[in-house]
Number of protein chains: 2
Amino acid sequence: MATMSAGHKREISKQDYNANLAECAGHEVLSALSDKWLTLVVSALADGPLRHSELARIIAGASQKMLTQTLRKLERDGLVVRTVTASVPPRVDYELTALGHGLLPIQRSIKTWAETHIDAIHKARVRYDANGD
Amino acid sequence: MATMSAGHKREISKQDYNANLAECAGHEVLSALSDKWLTLVVSALADGPLRHSELARIIAGASQKMLTQTLRKLERDGLVVRTVTASVPPRVDYELTALGHGLLPIQRSIKTWAETHIDAIHKARVRYDANGD
DNA sequence: CGGTATCCGTCACGATACTG
DNA sequence: CAGTATCGTGACGGATACCG
C-alpha cells in the first residue's frame, strides 16, 4: 500500500463505491421513480387498465419507442401486467399490479412535498442568481 | 383543425405536454431526488455539517467536479448553506438547511419501500427474463 | 484546500421506417 | 394496433490541468 499512488487508491475506492451503489435498493427504486415517463405511465394506470393506444394518447409527449420501452421495464419489474388479446386488430391492455400500486403513495408524498416547498426553492434560486451577477 | 395532419396535431400535443411538464413541481423535485450524487450528499450531511474534503472522502465515488456541481445545485435551491472561512488553508463547510432536512423523510420512505419490495422486483425480473429466452 | 475550465467518451432520447 | 430496428444528436459524467 505504501507505494500505491493516490490516483490508484482513488480508483479502488471508486470501484468499491460503485459496487456498493449497484447493490443499494434505495437507489434502484429511486432511478425507477425518476424515470420521466415511468412516473407518468404509472399515474395514468392508477385509475385502471388502459390499452397501448390509450396510453399513447394520454401521455402524448412520449414517442412510441419510449412508451413501449417504459412499459417493458415496468412489466419486467412486475409493476404492470400486459394482457394480449390475439385478434384482428390486436389488442393489448396494461394494468397496474399490487406492487405497482405501491408506488403511488410514494409518488403522492413526493408531489405533496414538492408543491409545499417548490416556491421556497424557486425563491432561493432567484436569490442565489441575483447575488451571483 | 379539419385539414390538420395527424403529425401536426401530435406535434402540438407534445409542445403542450412539455410545457406542462416543465411547470410540474412534482417532476422538478423528482429530478432532484433522482440525482445520483445529490441524494448521497444530503444523506452525508444529515448528521451535521461537513467540510468539502470530508464529503469528498465519504462519497469517494464522486469526482471533484460532480461533488462541487452537486453542492452548487443544492446551495442554489436553498437546501444547503455554504460557509467559507477565508484563511490559509481555506476552509469551506456545508450544512443542511431546514428545507434540506425536509428531503430526508422522503428519502427514508423511498428507502423503506425499496428494501421491502426490492426482492419482489428482482424475482419478477428473473421470471420475466426466464420466460423470454 | 477549494474551485473552475476544458476535452472527450458514453448513452439515453427522439425521429423515422418497417414488420406482424 | 402493437412492436422492433436503426441512426443522429445532445446532455451528462469523468479525467485532466490550471487558478485562488
Side-chain angles (χ1 to χ4, degrees), chain A residues 5-15 17-18 21-22 27 31-32 34-41 49-76 80-95 132, chain B residues 5-11 13-15 17-18 21-22 27 31-32 34-41 49-76 80-94 132:
Chain A
S5 73
H8 194 184
K9 276 195 290 188
R10 199 171 170 288
E11 191 182 335
I12 290 178
S13 297
K14 178 164 57 173
Q15 284 172 15
Y17 186 79
N18 286 337
L21 199 67
H27 190 262
S31 67
S34 68
D35 189 297
K36 188 177 167 185
W37 304 120
L38 199 145
T39 308
L40 291 160
V41 170
L50 289 171
R51 298 184 58 175
H52 181 105
S53 52
E54 314 239 53
L55 281 169
R57 200 175 320 118
I58 294 172
I59 312 289
S63 64
Q64 215 269 350
K65 177 190 173 183
M66 281 302 103
L67 183 57
T68 300
Q69 188 174 300
T70 303
L71 287 166
R72 303 281 289 185
K73 190 175 171 185
L74 283 165
E75 187 194 359
R76 191 170 105 99
V80 303
V81 284
R82 178 168 170 272
T83 310
V84 183
T85 308
S87 59
V88 182
R91 177 194 177 98
V92 180
D93 288 87
Y94 292 94
E95 185 177 3
Chain B
S5 74
H8 193 184
K9 274 194 290 190
R10 198 172 169 291
E11 191 181 334
S13 296
K14 178 164 59 177
Q15 285 173 15
Y17 187 79
N18 285 338
L21 198 67
H27 190 260
S31 68
S34 68
D35 190 297
K36 187 177 169 186
W37 305 120
L38 199 145
T39 307
L40 291 160
V41 170
L50 289 171
R51 296 185 57 176
H52 180 105
S53 51
E54 313 239 56
L55 281 169
R57 200 172 323 117
I58 294 172
I59 313 287
S63 64
Q64 216 268 351
K65 177 190 173 182
M66 281 302 102
L67 184 56
T68 301
Q69 186 175 301
T70 303
L71 287 165
R72 302 275 292 180
K73 190 175 173 184
L74 283 165
E75 188 194 359
R76 191 169 104 99
V80 304
V81 282
R82 178 168 170 271
T83 310
V84 183
T85 308
S87 59
V88 182
R91 178 197 177 95
V92 181
D93 289 88
Y94 293 93

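So you know, we letter chains A, B, ... as the sequences are listed, proteins then strands, and number each from 1. Note that these values count all heavy atoms, side chains included, but never hydrogens, waters or copies made by symmetry. Quantities reported herein were computed from a predicted structural model and do not represent experimental measurements.
Following rounding to the nearest Å, B/M66 (CE) and C/dA5 (P) show an atom-to-atom distance of 14 Å. Remark: C1' of C/dC13 and CG of A/D35 are 11 Å apart, rounded to the nearest angstrom. Protein atom CG of B/L67 is 11 Å distant from nucleotide atom P of D/dG14, rounded to whole Å. Atom pair B/Q69:CD and C/dT4:C1' shows a separation of 12 Å (rounding to whole Å applied). Here the P atom of nucleotide D/dC12 and the NZ atom of A/K36 are 12 Å apart, to the nearest Å.
Residue pairs meeting the salt bridge (charged side-chain N to carboxylate O under 4.0 Å, His left out) criterion with at least one member in residues 58-72 of chain A: none, sequence neighbours excluded.
Here the straight-line distance linking atom CG of A/L67 with atom CD of A/Q69 works out to 10.0 Å at 0.5 Å rounding. Put simply, OG on A/S31 and CG on B/D35 are 12.5 Å apart, with the number rounded to the nearest 0.5 Å.
Regarding contacts with the backbone of C/dG14, a side-chain N or O of A/W37 is found under 4.0 angstrom from either OP1 or OP2.
When the salt bridge (charged side-chain N to carboxylate O under 4.0 Å, His left out) test is applied to B/E54, the partners found at least two apart in sequence or on another chain are B/R57. Among residues two or more places apart in sequence or in another chain, the side-chain contact (heavy atoms from CB on, under 4.5 Å) test is passed with A/R82 by A/E75, A/V84, A/V92, A/Y94. B/S87 is linked by a side-chain contact (heavy atoms from CB on, under 4.5 Å) to B/T85, counting only residues two or more places apart in sequence or in another chain.
You'll find the side chain of B/M66 stays beyond 4.5 Å of the side chain of B/I59, heavy atoms only.
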field: Annotated protein contacts, base or backbone, on nucleotides 1-6 of chain D with a non-hydrogen cut-off under 4.0 Å, one of B, S, - each
entry: BSBB-B
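Axis angle between the ends of the helix from C/dC1-D/dG20 to C/dG20-D/dC1, five pairs each and rounded to 10 degrees, works out to 40°.
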- request: List the steps and the verdict of side-chain contact (heavy atoms from CB on, under 4.5 Å) for B/L40 and B/I58.
  value: CA-CA 9 Å; B/L40 291 160; B/I58 294 172; over 6 Å; no
